[in-house]
Amino acid sequence: MTDTRKSADYILAKLQGVTKMYSQPDHYDILVLDDINLTIFKGQFVALLGPSGSGKSTLLRIVTGLSQPSFGTVLYRGRPVTRPNPRAAMVFQSFALYPWLTVQQNVELGLTAKGIPLAERRQKALRLIDLIGLNGYEEAFPKELSGGMRQRVGFARALAVDPELLCMDEPFSALDFLTAENLRSELLDLWLDDKISLQSILMVTHGIEEAVYMADRIIVLSTNPARIVADLAVNLPHPRNRKSSDFIYLVDHVYKIVTAGDRPPHSPLNLVPSRLQDPESEDRAQLKPIPYGHLSMLSGLLELVSDRGGRDDLYRLGSELLLEVDGLLPVTDTAELFHLATVAEGDLILTEQGRQFAEVDVSARKQIIRRELLNIPLFRLILRVLSAKTNHAMSKDFFTDILEEHFSQDQAERQLALAINWARFADLFHYDTDSELLYLADDQLAEAGDWDTAVR
Amino acid sequence: MFGSRSFESSSSSYADAVIGVGILALISLAVAWATHKPASTGAPAAISLAYSRLPIDALFSWLRMAAAYAISLVFTMVYAYSAAHNRRAERILIPLLDILQSVPVLSFLPVVLLAFIHLVPHSSLGVNLASIVLIFTGQVWNMVFALYNGLITVPRDLRESALSLQLSPWQRFRTLELPYGMVGLVWNSMMSWAGGWFFLMAAEMFSLNDHRYRLRGLGSYLQTAANQSRWGHEIVALLTLIGVIVAMDQLVWRPLLAWADKFKLEMVEGDQQFHSVVLVILRRSRLAQWMGTSLLVPLVEAVDAWLGVGLPRWRRQAAWLGSLLGLARTLATAGTIFLLFSALEDGLRLMSHLSANTVSLIALAVGATLIRVVVSLAFSVAWAVPVGVLIGLSPRLAKLLTPITQIAASVPATALFPGLVALLFRLGGGLTFASVLLMVLGTQWYILFNVIAGASAIPEDLKEAARMFGLKGSRIWRTLILPAIFPYLITGLITAGGGAWNASIVAEYVAFRGHIYTTFGVGAMIAQDSQHGRFAALLAATSLLSITVVVINRLIWRRLYQHATNRYSLS
C-alpha cells in the first residue's frame, strides 16, 4: 500500500492511450500517434528518439498541452491536461525568440505573463541570464547573437518561470557541432548539480549519440504511425565518455533498433482501406509511401559500399558521411525498395542487383530502376491510366486526388513530385510543368504496352 | 546596469527643443481645427487665393488626412484581429475585404457625400466627414490586408512559445502579433497616405444635386486657381503640396521605416536598411526617453495588469455581463442584417424605375471607359517599361533618378488635373484625348516603379550568361528581361488598373470656367447623375462599374498574377 502510494508520488506525467489523427476532407484520417502509453517519473531525463516525421514533436506538444490528443488522456500530477501546462516550459529547435525584444525582455516574457511586478521580474531574469552564461548581453537583440547564444536565451526564458518539466524539441540540431557539444554539457551540469528547479526533462531528438550521451531513458518511436518500439534505460555514469566501449555498444544497439527494428517493413498504410470498385483498385489498395531518397545519393552510397566489399556498418557510414539516421534512412529505404540492398543487424548489404548497379554506367542504371519502378503500385497505376487514355495524357490533379485518399495533401503532392522525378530519370513517362500534364511519348507508350500485355 | 547606457552617450538638448516645439505645434493645430468655423454649405464661400492662406489650407487638408488615417488604423486592428482569430468572421470578412479593395472608391463619393450631408445638415461638418470617410475607404483595405497577413503567418514556433509561456491574448497581440505585422503595416500606411492625397484633392470641391460643396484646403485652392487661370498661385500651391508630402516622408515615414526594421523576423542583418536622422535624434533625446520610461512603460504595465487580472476578475463577478454582451451581439447582428436588407430593397426599388434604355446606355458607358482604361494602361506600359528597365539595369542611373521620380510620383494626379485640363483646353484638344492623358497620369508611376524593381532584381549571373552567349536586341528581351520583370509588371498593372478606374471619374467630366466638358463614359455618367440628383441611375452606374471591376480582377488579373508567380518567379 505504502509502496504504490510512493511510486504514485514519483509520477510527474502519464500518457494513457494517446492517439492523434489528422482528419482529411474525404474521411480518410491519417494516424500520427498510435496508442502511446508512457509514464514520466520525477528525476528522469527522457529522450524521445525517432526519425523525422515520426510524430515525436506532436507527442511533445501533447505532453505540454499545446496540442490535444484525438483519443486518450494526458495526466499531469494526476490531473488531465487540457490547455498549455503552466508548469511545463518549451525549448524550440528554432529558438523561437522574439527578434524585436532584447535578451532581457525575451527572458522576462514568461514572468510578464504571470503578472510579476517590474522590479522583481528584472531581478529574476538577471539571475537566470547570469546562470546561463549570458551576462553582458542583456541589452542585445537576438540577431546580434550567435546560434549558441540564442539557444542560451531560449533556455533562460524557459527556466525563468521555474518549470517542473522542461520539454525540448531538438534543441541542439540547429547548432554547429562544437557549439552543440558545449551547450549539451553545460545543460547536463545544471541538471545534474540541481542548480535549477526542474523535476524532469523530456527531449525530442533524432540523434542517437545525443540521446545516449544525455538521457537516463530512451524511448524509441517508429514512423507511420508512431508507436513505442523500445524503452531503454541508460545506466552509464556521468560524465559519459563517448569513446568507452559501453557507450559505443549502447549506441550501436539503439542504431540497430532504429534502422532494422520493429519498423514494419512497408506496412500497409496507416489508414482505413479505400473503396474497392475501380479497375485500378488492386494497385490503389496497395499504394504505400515511396521513400524520399535522392537517386544521386543512392548511386553514391551503393558505389561506396560496393568498394568496401558490399557490406558496411550503417552507423559508421552515417558518421563518415556526416549524415544522421534521418538523412541516411530514406536512401537505404530506397535501396531496399529497388532490391539493391538489404538492411540487417545495422549493416547495409548489397544484393546481386545492387553490385551490378554499382558497376554499370548510367543508362544501364536507368534500365534497372525502370524495371523496378514497374513493380511499384503507384507507377503501375499511373502507367495504366495513361495508356488507357486516348491522348495518353492525364492531369496531375487527378493523381494527387487519388493520393490524397491515402496521404495528407502536402504529402500527396510531395509523393507525386518524387514519382515524376524518378519516372523522368527512368524515362517511364513525361511531365509538362506548364500544362501540369503527365503523358506518354510514343516510344514510352510502346514499352508500356509491352509491359501491360506481359502483366496480363 | 541597463538603461543608463543611453543617458551617458549623448545629451542633445537641441533635440529636446525640436520635439518640444513639435508637440506644442500639434496641440495648437488641434485647437485651430476645433475652433475653425466652417462656411455653410448653401452658399459656398469664395475660395481666397491669397498666398497667406496656403499654410492654413495645407493644414486643413493634412488634418483631414490624419483623421482618416487614425480611423483607418483603429479599424485595421479590429478588423484584422477578428478575421484572424475567429473562423466564422474570417469566412465573411476576407472575401468582403477582397471586393471592397477592388471597387473604385471615387465612384462612391456622391453617395457618401449625400449620406453625410443628410446626417449633419446646415454645416460643413457633414462635407468634412464625407471627405474623411472617403479617404478612409480609399486607404484602409490594404492596411487591413497587410496586418491580417501578418497575423495569420506568425510562425508556429513563436505562437507556441507564447502559449507555453502563458501570455494572455492581449499580451500575445502586444508582444507577438502586432510587432510581427508591423513592417507590412508601416509600408502600407505609407501607400495609404499617398492614395489618400489622391482622393482628398477630388473630395474638397464637388457638385452634387445642383449644389457646390467646397472645403478649405489645398485641393479647392488648386481647382480655383486653375479656374481663374492664376498660374502663379497654381504652381505655388503645387509646391506647397509637394513640400507637405516630402516633409511627411522625412519626418514620419522614414523614421517609422527605420524603426520598423527591428520587427523583421530574419535573424541576419538584411542588406537593405533604412537610416533616418530624425529617428536617431529621437532615440537620443532625453525627453523621448523620459516619455518612454515614465509614461509608456507604466501605461503598458497598467494595461497588462488590468487586462490580465482586473478584467477577468470583474468578468467573473459580473456574470450578467456575459449575457448582456451576448444580447447586444445578437441585436447588433439583427440590426445589421435589417439595415442591409432595407438598403438593398430601397436600392432595388430605385433602380426599378430605370428604363431598359438607360441600363443599356450605362453598360455602353462602362464599355467606353473600359476602352479608355486599357488604352491608358497601354500608354503607360509603352513608355514605363523601356525607361524602367533602363533605370533598373544601371545602378548609377537608378541612384540619380530614383529621388526625382519618387517626388514626381508623390504628387497626386488629382492635384494636377485642374491645371492640366486648363492647359489642354487652351491648346485646343478635346476632352476625349485629355481624359486618357489624365488617366495615364494616375497609372504610370505604379508601372514604372514595379518595372524598376523587377529589372534591378535580375541576378548578375543571368545577365552575364546572356552576355556570354551573345544574346542581343529583341532576343535578350524575350529570353531574359521580359520573363524576369513579368511578375513585377503584373503587380504594377493591377494597382495601375485600379488607379485608372478611379481617375476616370474625375477625368471624364470637367467643370471649367463655368462650362462643363464631358465625354461618353461611366465616370462622366456618375458625375452628371450626381450633379442632377438622378439617384437611380447613379446607383445603377456605380454598381455596374463595381461589378465590372471585380469581375475583371477575378478573371484576368488574379490568374495572370498566379501564373506569373508560379512560372517566372526568380526565387
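All chains are named by letter (A, B, ...) in the order of the sequence lines, taking the proteins before the strands, and each is independently numbered beginning at 1.
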Measure the spacing between [atom1] of [X] and [atom2] of [Y] and express it to the nearest 0.5 Å.
X         : Y         : atom1 : atom2 : result
Ser164(B) : Phe92(A)  : OG    : CZ    : 5.5 Å
Ser57(A)  : Glu160(B) : OG    : CD    : 9.0 Å
Tyr98(A)  : Leu176(B) : OH    : CG    : 4.5 Å

- Proximal component of Arg159(B), with respect to chain A [non-hydrogen, under 4.5 Å]: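 No part of Arg159(B) comes within 4.5 Å of chain A.
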
- Measure distances from Gln166(B) to the heavy atoms of chain A and classify the residue's part below 4.5 Å as side chain, backbone, both or neither.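 Answer is both: backbone and side chain atoms of Gln166(B) are under 4.5 Å from chain A.
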
- Do the side chain of Trp100(A) and the main chain of Ala260(B) share a donor and acceptor less than 3.5 angstrom apart?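 A pair under 3.5 Å: no.
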
In terms of heavy-atom proximity below 4.5 Å to chain B, should [X] be classed as side chain, backbone, both, or neither?
X         : result
Arg61(A)  : side chain
Arg87(A)  : neither
Leu66(A)  : side chain
Ala158(A) : neither
Asn85(A)  : backbone

Over 12 non-hydrogen atoms of neighbours within 6.0 angstrom of [atom1] in [X]:
X         : atom1 : result
Tyr137(A) : OH    : no
Lys114(A) : NZ    : yes
Tyr561(B) : OH    : no
Glu301(B) : CD    : yes

I need the minimum non-hydrogen distance between [X] and [Y], along with the two atoms involved.
X         : Y         : result
Gln171(B) : Thr112(A) : NE2-O, 3.2 Å
Leu163(B) : Pro84(A)  : O-CB, 3.6 Å
Ala113(A) : Leu167(B) : CB-CD2, 3.4 Å
Lys262(B) : Lys143(A) : CA-NZ, 4.3 Å

- Task: For each of Arg121(A), Arg83(A), Gln93(A), tally heavy-atom pairs with chain B at distances under 4.5 Å, and name the one with the top tally.
- Result: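 When all of Arg121(A), Arg83(A), Gln93(A) are compared, Arg121(A) has the most.
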
- Query: Stepwise, does the side chain to side chain contact (heavy atoms under 4.5 Å, CB included) test hold for Leu97(A) with Leu158(B)?
  - Reply: CA-CA 7 Å; Leu97(A) 302 180; Leu158(B) 289 183; 5.9 Å; no

